[in-house]
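Written out below as structure tokens is the structure these notes cover.
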Amino acid sequence: MTRDQVLRDLQNRFGDDILDVFQKSPKRVYMGLKPRAIAWVGEYIFRELGARFNIATGTDTPEGIEILYHFTLEDLNLMLNLRVLLDRENPVIPSLGKSIEAVNWIERELMELLGITFDGHPDPRRLLLPDNWPDGVFPLRQDYTEWDDTAIRTRGV
Amino acid sequence: MGRSVIPIGPYHPLQEEPEFFTLTVEGERIVEVDVRIGYNHRGIEKLSETKSFDNSTFVVERICGICSTSHPFAYVRAVEDIFPMEVPLRAQYIRTIIAEGERIHSHLLWLGLAGHFLGYNTVYMWAWKLREEILDVMEILSGNRNNYAMFTPGGVRRDIKPEDIPGVLAKVDSIVPTLEMLRDAVLDDPVLHARLKGVGILSRKDAIEFSALGPTSRASGVARDVRKDSPYEVYDQLKWDMIVTQNGDVFDKAVVRILETFESIKILKHCLNNLPEGPINAGIESIPPGEGIGHIEAPRGETFHYVRSDGTNRAIRHKVRAPTFMNLPTYKATIVGETISDATIILASIDPCYCCTERMAVRNHRGRLLYDGEALVALSRAKTESLKRRMGRK
């Protein structure tokens, strides 16, 4: 399939789930999605279109918590970026790591850094933060404040 | 049979990414593996939000001590992708030269360490001796053996002087015969064949499932290289081959890296011989609101940076993903079913930062120490020795 065929194909299949499409450059397409649709749209792009999963980027924006899933279609030199926006008070989204192994770790990272709940994640443990990190403190949120005011050298690490 | 748990890691001050592996073994066989990371989480993404776009280049340069170019390279490309803009041709050539020089020394470093773990210290000595020549080349070109500080959004910070080029080419040429000798010696060695072939196989299917990157995926028959798939700088104007092998074992990963070194030398020499004249920096005045993505092929695979700007002089979000983040989980597929004496080389085969493998300790369920890190490396070497004896080699 060519680049345009891929975009049309996605529009035909998932027209109801796609909120907007923004073609930034020949190599980059951004696509707004309804959060619950990520499970099947992501899986379709990974399995049927044969894309590679690059990574997901979570951002705390004034509108809510945003996740960008980056997929690369290597044959077409096209990066598809799926954008979902979650409610800050209750950020819940279906897990893509449930079906795609490559997404497993980044969802664990987003879980602890931004406080997003991935519904159905097979292994929802912490990845980066230490075990004594308090629950409910998310370092990449904009309202994050330092919770431990002792200097690192006196923490007895 | 009773199960024992082998904790590996996590801390070593030299490591880029301290990791903690829990291997569950039944006798000699590994039946389960669990990986934990984050022991040296430095919060670079958060830190970068407090630095100006220019300063962040130097912050990300400190993420990795071995491939210190790959992060600034991906970062400046992400910033340039916000516009998007093209950098001057001479700057593109200089970026390519620095990136390929780094690939050569990084692959040689891996080859040396792999030899060391297997008890082939001759390979280790030779590879690191050759690496010194490349580090000298990098010092001539950039002023530093590592952390070159060559990159800036819009171009490069430092020009390559024409009078340096003949000396650099001579140095690069001088390592080629020795490297060829080393390549033939490593690839023809029956002991290494016996030791590495069929060990720690990552199947093509798993490489795709885990989205493995760089030499880890190319050794499993997945032709995946950002330099070919999404050419940046001058890679699409150059003649070079992507090295792809089919078996996915540790031996193939070594083959890919050794042969890639020769391709990198080819690219490096071509760029130095054909360096165009012109400016080296487009001079960015201000960065508009928007978002940009930069991804480049680092020695270990794709390095990915995402930058979002709101029009001020700082990024409001800067995401960094190093290739090892995608390659590490492949252990789940490669190490189960293998023996403890092969664990060191399998864990080393994706080229993570190494020092973790020297901090292994094997305990039985009562907590009595069976092997420590040195003993495990010794175990790995003893296996090589016994193979050598069996094959009638000293």
Side-chain angles (χ1 to χ4, degrees), chain A residues 22 24-28 30 46-47 50-62 66-68 70-81 83 97 99-106 108-110 112-114 123 125-131 133 138-142 144 146 157, chain B residues 11 17 34-43 45-46 49 81-84 205-213 217 222-226 228-232 236 290-293 295 302-308 310 315-323 325-330 332-333:
Chain A
F22 169 51
K24 185 181 157 81
S25 67
K27 292 181 184 180
R28 308 264 191 271
Y30 292 80
F46 188 82
R47 302 237 181 260
R52 170 163 65 88
F53 176 72
N54 291 73
I55 202 65
T57 307
T59 314
D60 187 6
T61 67
E66 182 193 300
I67 311 177
L68 263 176
H70 312 279
F71 289 91
T72 301
L73 291 157
E74 288 168 332
D75 301 339
L76 301 175
N77 186 8
L78 171 67
M79 195 181 282
L80 277 173
N81 303 284
R83 190 193 303 275
S99 46
I100 303 171
E101 192 64 57
V103 195
N104 191 321
W105 272 26
I106 187 63
R108 284 170 65 185
E109 186 185 314
L110 290 170
E112 59 184 357
L113 297 184
L114 276 159
D123 183 21
R125 286 177 301 157
R126 279 192 179 151
L127 184 71
L128 297 174
L129 295 181
D131 292 333
W133 189 271
F138 305 117
L140 277 185
R141 292 270 185 111
Q142 295 297 344
Y144 171 76
E146 192 67 54
V157 194
Chain B
Y11 270 113
E17 293 168 318
D34 184 41
V35 193
R36 264 210 77 175
I37 58 170
Y39 291 90
N40 203 11
H41 185 54
R42 290 169 292 175
E45 292 180 15
K46 191 83 177 166
E49 290 171 13
D81 188 53
I82 295 174
F83 301 65
K205 188 172 149 288
D206 282 334
I208 292 171
E209 179 64 32
F210 283 92
S211 285
L213 301 169
S217 68
V222 182
R224 173 177 285 169
D225 190 322
V226 186
K228 289 276 191 206
D229 301 332
S230 177
Y232 50 96
D236 51 346
E291 49 195 329
I293 294 165
H295 59 145
E302 180 206 46
T303 297
F304 182 98
H305 280 236
Y306 168 88
V307 175
R308 184 183 293 189
D310 61 352
I316 53 171
R317 179 79 174 98
H318 180 188
K319 168 79 194 157
V320 178
R321 199 268 285 133
F325 192 88
M326 304 307 276
N327 284 337
L328 259 180
T330 62
K332 286 188 210 164

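Chain letters run A, B, ... following the sequence lines, proteins first and then strands; every chain starts at 1. What's counted below: heavy atoms across the whole structure, side chains too, no hydrogens, waters or symmetry copies.
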_Using 0.5 Å steps for rounding, measure from the CG atom of A/Leu68 to the OH atom of A/Tyr30._
7.0 Å
Does [X] reach the main-chain N or O of [Y] with its side chain, forming a donor-acceptor pair under 3.5 Å?
X        : Y        : value
A/Arg126 : A/Trp133 : yes
A/Arg108 : A/Arg125 : yes
B/Lys46  : A/Pro139 : yes

Between [X] and chain A, which part of the residue has a heavy atom less than 4.5 Å away: side chain, backbone, both or neither?
X        : result
B/Glu209 : both
B/Phe210 : both
B/Lys332 : side chain
B/Glu291 : both

What heavy-atom pair brings [X] and [Y] nearest, and what distance separates the two atoms?
X        : Y        : value
A/Arg47  : A/Ser99  : NH2-O, 2.5 Å
A/Ala56  : A/Leu110 : CB-CD1, 4.2 Å
B/Ser217 : B/Ala212 : CB-O, 3.4 Å

*Under 4.5 Å between any side-chain heavy atoms of B/His318 and B/Val320, yes or no?*
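When only atoms from C-beta onward are counted, B/Val320 and B/His318 do touch, with a gap below 4.5 Å.
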Using a cut-off of under 4.5 Å for heavy-atom pairs, which of [options] has the most such pairs with chain A?
options                      : value
B/Leu213, B/Val226, B/Asp34  : B/Asp34
B/Glu302, B/Arg224, B/Lys319 : B/Arg224
B/Ile293, B/Asp206, B/Ile208 : B/Ile293

_As an exercise: rank A/Leu76, A/Ile100, A/Thr61 by heavy-atom pairs under 4.5 Å with chain B and give me the winner._
A/Ile100
*Pick whichever of A/Glu109, A/Lys24, A/Glu74 has the most heavy-atom pairs under 4.5 Å with chain B.*
A/Glu74
*Return the orientation label for the A/His70 and B/Tyr306 ring planes: parallel under 30°, perpendicular over 60°, tilted otherwise.*
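Tilted.
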Contact origin within [X] toward chain B - heavy atom pairs under 4.5 Å:
X        : result
A/Arg28  : side chain
A/Asp60  : neither
A/Asp123 : neither
A/Glu112 : neither

